[in-house]
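First up is the structure itself, then whatever we jot down about it.
So you know, we letter chains A, B, ... as the sequences are listed, proteins then strands, and number each from 1.
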Protein chains: 2
Amino acid sequence: MRQDTRLSRLLHVLLHMAQTEAPMTSQQIAVMLGSNAVVVRRIMAGLRDGGYVDAERGHGGGWRITKRTDEITVLDVYRSLDEPDLFAFGFSKPSPACLVEQSVNATIKGAIETAKDAILDKFSTLRLSQIEADVRRRMDSVAR
Amino acid sequence: MRQDTRLSRLLHVLLHMAQTEAPMTSQQIAVMLGSNAVVVRRIMAGLRDGGYVDAERGHGGGWRITKRTDEITVLDVYRSLDEPDLFAFGFSKPSPACLVEQSVNATIKGAIETAKDAILDKFSTLRLSQIEADVRRRMDSVAR
DNA sequence: AATAATGTAATAGGTAAAGTTACACAAGCT
DNA sequence: AGCTTGTGTAACTTTACCTATTACATTATT
């Protein structure tokens, strides 16, 4: 299955927005992501609705981050995408008549639920500010 | 066709094969899965190569399980599918020049690796015999 | 009024599993 | 030997979803 890259793209954009005062246009962001301005507006819409960014129209407009990086977690960003499926595997029938299939589904579902809780818990502890700190570490080691 | 359903389908089939002596034809299995005989052969090929099942051609032929259900784990079945991606999300570029994107990728990758280890560890503890036991419990509660 | 932005609907493209068709090969039955 | 019943696979089509593109309305600045 082809993978959903929206989460990593949003994180990438937010961190760049946090490094500058001036609003960034969808077009600038699109170039940065190797993507398209319309695609950018689409994936940013959730962040806007969640109050994490702000979009100004017209001349001199663009996107701006409205919270500090230590106030935004990866979980927040994931939720702003409407919580798309995390897993690439699942069952073929939601509620089968076959008892064997029911057991298989319950088994798979259990594994998925456990893993999902673990990932979302991890996401909730990861703040943008931590990724920022990691970027600074990388910059230091490049400069050295 | 959002998710990969091969793992749950294979588990389903293996458990039915464990309940009968006679070989099951791809066509019978296909009906059971609401699928197609060719699709069945395709997903069974890995199990055959792994030695978990055996396919006999010609009259009276079909598929037969060759191990006991306590000798097969969910991990074995997953591996026989060539370990397809477990996660529906990922990065857009494998090795970006941008330091920020590198950090984001590292962050996401870390979360994925941790979760993957946890899931595979869980898979390795789940034996077909345990799912069988769960099926029996369901049968009992239906009969009651 | 012209220009530079976002907002969004409609449509096309790309990818991987699932489904289908076609045919080669193998084994048992009459 | 020939027919039937199976697997093995290649090639193609379908399906679902993210991504990309096109088109146009709306809004704000100059």
query = Going by the salt bridge (charged side-chain N to carboxylate O under 4.0 Å, His left out) test, which pairs reach into residues 55-64 of chain A, not counting sequence neighbours?
reply =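 Residue pairs with at least one partner in residues 55-64 of chain A: Glu56(A)-Arg64(A).
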query = Got a sec, which pairs hit salt bridge (charged side-chain N to carboxylate O under 4.0 Å, His left out) with one end in residues 36-50 of chain B, sequence neighbours left out?
reply =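 Checked against salt bridge (charged side-chain N to carboxylate O under 4.0 Å, His left out) - neighbours excluded - no pair reaches residues 36-50 of chain B.
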inquiry  = Checking Trp63(B) against Ser26(B) for the side chain to side chain donor-acceptor pair (under 3.5 Å) test, could you report, in this order, the C-alpha distance in whole Å, the side-chain angles of both residues, the deciding distance, and whether it holds?
reply    = CA-CA 7 Å; Trp63(B) 299 88; Ser26(B) 300; 2.9 Å; yes
Partner set under salt bridge (charged side-chain N to carboxylate O under 4.0 Å, His left out) for Arg6(A), not counting sequence neighbours =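 Residues passing salt bridge (charged side-chain N to carboxylate O under 4.0 Å, His left out) with Arg6(A): Asp4(A).
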request  = Please determine, for the side chain of Thr25(B), which listed nucleotide (dT21(C), dA23(D), dG6(D)) has the closest atom?
outcome  =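 For the Thr25(B) side chain, the nearest candidate turns out to be dG6(D).
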message = Counting only side-chain heavy atoms from C-beta out, which of dC18(D), dG19(C), dG8(D) sits nearest to Arg41(B)?
response =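 Closest nucleotide to the Arg41(B) side chain: dG8(D).
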With a 4.0 Å cutoff (strictly under), does any side-chain N or O of [X] reach OP1 or OP2 of [N]?
X: Arg42(A); N: dT8(C); value: no
X: Asn36(B); N: dA18(C); value: no
X: Thr5(B); N: dA17(C); value: no
X: Ser26(A); N: dT6(C); value: yes
X: Ser35(B); N: dG19(C); value: yes

For [X] and [N], give me the distance from atom [atom1] to atom [atom2], rounded to whole Å.
X: Phe91(B); N: dT19(D); atom1: CZ; atom2: C1'; value: 18 Å
X: Ile29(A); N: dT6(C); atom1: CD1; atom2: C1'; value: 11 Å
X: Ile43(B); N: dA16(C); atom1: CD1; atom2: P; value: 19 Å
X: Leu81(A); N: dT19(D); atom1: CG; atom2: C1'; value: 14 Å
X: Gln28(B); N: dT5(D); atom1: CD; atom2: C1'; value: 12 Å
X: Gln27(A); N: dT21(D); atom1: CD; atom2: P; value: 10 Å
X: Asp85(B); N: dC18(D); atom1: CG; atom2: C1'; value: 15 Å
X: Glu83(A); N: dC17(D); atom1: CD; atom2: P; value: 17 Å

message = So, using side chain to side chain donor-acceptor pair (under 3.5 Å) as the criterion, who are the partners of Asp134(A) when residues are at least two apart?
response =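 If we apply the side chain to side chain donor-acceptor pair (under 3.5 Å) test to Asp134(A), skipping adjacent residues, the hits are Arg137(A), Arg138(A), Ser103(B).
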Tabulate below the donor-acceptor pairs under 3.5 Å that side-chain atoms of residues 10-21 of chain A make, not counting sequence neighbours, or state none.
unit_1, atom_1, unit_2, atom_2, d
His12(A), NE2, His16(A), NE2, 3.0
Thr20(A), OG1, Ala22(A), N, 3.3

message = Please give me every residue in residues 47-66 of chain B whose heavy atoms get under 4.0 Å of an atom in DNA chain C, ordered by residue number.
response =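 Within this stretch, Arg57(B), Gly58(B), His59(B) sit under 4.0 Å of the strand.
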key: Contact residues, residues 102-112 of chain A to DNA chain C [heavy atom, < 4.0 Å]   =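 Heavy-atom contacts with DNA chain C come from no residue of residues 102-112 of chain A; none.
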Can you give each donor-acceptor pair under 3.5 Å made by side-chain atoms of residues 72-83 of chain A, sequence neighbours left out, with the distance rounded to 0.1 Å?
unit_1, atom_1, unit_2, atom_2, d
Thr73(A), OG1, Leu75(A), N, 3.3
Thr73(A), OG1, Asp76(A), N, 3.1
Thr73(A), OG1, Asp76(A), OD2, 3.2
Asp76(A), OD2, Thr73(A), N, 2.9
Tyr78(A), OH, Pro84(A), O, 2.7
Arg79(A), NE, Glu83(A), OE2, 3.3
Ser80(A), OG, Val77(A), O, 2.7

message = Lys116(B) vs Glu113(B), test: salt bridge (Lys or Arg N to Asp or Glu O under 4.0 Å). Steps then yes/no.
response = CA-CA 5 Å; Lys116(B) 181 174 180 178; Glu113(B) 288 297 319; 5.8 Å; no
ask   = Does Ala37(B) or Ala37(A) map to a spot on DNA chain D nearer the 5' end, using the closest nucleotide for each?
value =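 It is Ala37(B), whose closest nucleotide lies nearer the 5' terminus.
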Under 3.5 Å, which donor-acceptor pairs link side chains of residues 120-127 of chain B to any protein atom two or more places apart or in another chain?
unit_1, atom_1, unit_2, atom_2, d
Ser124(B), OG, Asp121(B), O, 2.6
Thr125(B), OG1, Lys122(B), O, 2.7
Arg127(B), NE, Asp70(B), O, 2.7

inquiry  = Quick check against the 3.5 Å criterion: does Thr66(B) have a side-chain atom that pairs as donor or acceptor with the backbone of Gly51(B)?
reply    =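 A pair under 3.5 Å: yes.
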